[in-house]
Amino acid sequence: MPLELYLDLHSQPCRSVYLFAKIADIPFEYKAIDLAAGQNHSEEFGQISIVRKVPVMKDGDFILTESVAILKYMAEKYKASVPDHWYPAELQARARVDEYLAWQHGAVRAHGSKVFWFRAVLPLATGSEVPKEKMDAAVEDLTQSLTVLEQKFLLHGPFIVGEKASLADLVAIVEVMQPVATGLDIFQDRPTLVAWRDRVKKEIGEELFDEAHKTIMHVDSLSQTFKDNGMLELLKPRLQKMFN
């Protein structure tokens, strides 16, 4: 029986789960959840996950939330056919993957997401641009995280853990692409990051990479989507509370 994966590819954690399932040839049924339309708040989805976030994985009666947990579960469940480099069995190599996955939540993910919301979503909710000093501070936080990614995690090899791509690289690339989707060139003057990005895209396959990122690279369509479905009014209080 294939896994059921509840995903919205606007979401970077959803993209990491989707990409890994496709790369590793893991059998799954794609269950589209449109976050912009509020489908995660539906009664039906609430029966699947009280968290009301995606991704969600359903394996028979077993339901799992949180992208990192899902990625590790898939790697373990299908380890007979999934190449070891994605989530290495060797203790120290696996620890390096886990190290990155633990660090990135409060760094590249947090800072890239903030820049994305500041540049792509908050102006829709407030009708005005984010104040320059707040935008500059958000971009600076992202810049510092990217520097750590380069100078610590990409210091000793072509990928985060040595010579082959791992779950750490998948999680990193989708997070890096989130601010890129708003038109921010985070790769300028970063040859190490550019070379790593190109290697990861090659490992994934450029066609699959582009397919997974097609939705987010057309983020400008969110404005009309929010207007059409009325979600903008629901988002306003949350966004203003988050970023005031």
Side-chain angles (χ1 to χ4, degrees), residues 1-78 101 104-106 109-110 112-114 116-118 120-122 124-125 167 170-171 173-175 177-179 181-182 208 211-243:
M1 180 180 296
L3 303 177
E4 295 179 11
L5 297 179
Y6 294 78
L7 308 169
D8 181 336
L9 296 185
H10 280 105
S11 157
Q12 53 274 48
C14 286
R15 294 198 299 274
S16 67
V17 169
Y18 177 79
L19 284 169
F20 183 55
K22 295 284 280 188
I23 292 165
D25 202 23
I26 292 170
F28 73 98
E29 184 179 351
Y30 185 102
K31 300 283 190 177
I33 300 295
D34 189 344
L35 297 177
Q39 290 181 355
N40 53 314
H41 296 292
S42 69
E43 183 177 345
E44 180 182 1
F45 187 73
Q47 297 298 313
I48 298 167
S49 174
I50 194 172
V51 179
R52 296 187 179 277
K53 295 181 180 180
V54 287
V56 175
M57 184 206 75
K58 193 168 183 287
D59 185 6
D61 294 330
F62 180 71
I63 295 173
L64 191 63
T65 64
E66 299 300 325
S67 59
V68 169
I70 293 169
L71 288 166
K72 292 180 180 181
Y73 180 92
M74 291 194 300
E76 286 292 331
K77 180 179 174 72
Y78 297 97
L101 295 177
Q104 62 93 28
H105 284 290
R109 170 159 174 71
S113 294
K114 190 171 187 178
F116 174 83
W117 284 92
F118 273 10
V121 183
L122 196 60
L124 301 178
L167 295 181
L170 279 186
V171 170
I173 195 66
V174 296
E175 296 293 349
M177 291 303 296
Q178 202 73 359
T182 70
L208 176 58
E211 175 199 332
H213 288 86
K214 181 179 179 180
T215 301
I216 198 64
M217 295 308 290
H218 291 86
V219 71
D220 53 335
S221 65
L222 275 179
S223 177
Q224 191 59 48
T225 301
F226 284 142
K227 289 176 183 177
D228 290 344
N229 60 34
M231 280 296 291
L232 192 55
E233 289 303 314
L234 295 176
L235 278 173
K236 280 183 180 179
R238 177 189 170 200
L239 292 172
Q240 290 169 336
K241 182 179 180 180
M242 287 173 67
F243 299 124

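- To the nearest 0.5 angstrom, L9 atom CG is 8.0 Å from E211 atom CD.
- Residues R109 and P13 meet the side-chain proximity criterion, which asks for heavy atoms closer than 4.5 Å.
- Using modelled atom types, no side-chain atom of E175 and backbone atom of S113 make a donor-acceptor pair closer than 3.5 Å.
- For the pair R52 (side chain) and S42 (backbone), a donor-acceptor distance under 3.5 Å is present.
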Please lay out, stage by stage, how K72 and L101 fare under the test side chain to side chain contact (heavy atoms under 4.5 Å, CB included).
CA-CA 11 Å; K72 292 180 180 181; L101 295 177; 4.0 Å; yes

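- With contacts defined as side-chain heavy-atom distances shorter than 4.5 Å, the pair D59/M1 does not qualify.
- A donor-acceptor pair under 3.5 Å is formed between the side chain of K58 and the backbone N or O of G60.
- Put simply, the side chain of L3 reaches to within 4.5 Å of the side chain of M74, judged on heavy atoms.
- In this pair, F28 and Y18 present their aromatic rings perpendicular. The plane angle is above 60°, beyond the 30 to 60° band.
- The side-chain heavy atoms of Y6 and I63, taken from C-beta on, include no pair separated by under 4.5 Å.
- With rounding to the nearest 0.5 Å, the separation of CG in L167 from CD1 in I70 is 12.5 Å.
- Within the 4.5 Å cutoff, the side chain of I48 has no heavy atoms near those of the E4 side chain.
- Side-chain contact between D8 and Q39 is absent, with no heavy-atom pair separated by less than 4.5 Å.
- Here the straight-line distance linking atom CD1 of I33 with atom OG of S11 works out to 12.0 Å at 0.5 Å rounding.
- Of all heavy-atom pairs between T182 and A120, the closest is CG2-CB, 3.9 Å.
- Annotation: the span from L71 atom CG to S16 atom OG amounts to 4.5 Å, rounded to 0.5 Å.
- For A69 against L64, the heavy-atom pair with the smallest separation is O-CD2, 3.5 Å.
- Annotation: E66, atom CD; neighbour count of heavy atoms from other residues, nucleotides and ligands within 6.0 Å does not exceed 12.
- Looking only at side-chain heavy atoms (C-beta outward), Q12 and I216 stay at 4.5 Å or farther from each other.
- When the options H218, R15, Q178 are evaluated for a side-chain hydrogen bond (donor to acceptor under 3.5 Å, both in side chains) with H213, the one that passes is R15.
- Taking OG1 of T215 as the reference point, atom NE2 of H10 lies at 5.5 Å (rounded to 0.5 Å).
- Side chains of V56 and T65 form a contact here, defined as non-hydrogen atoms less than 4.5 Å apart.
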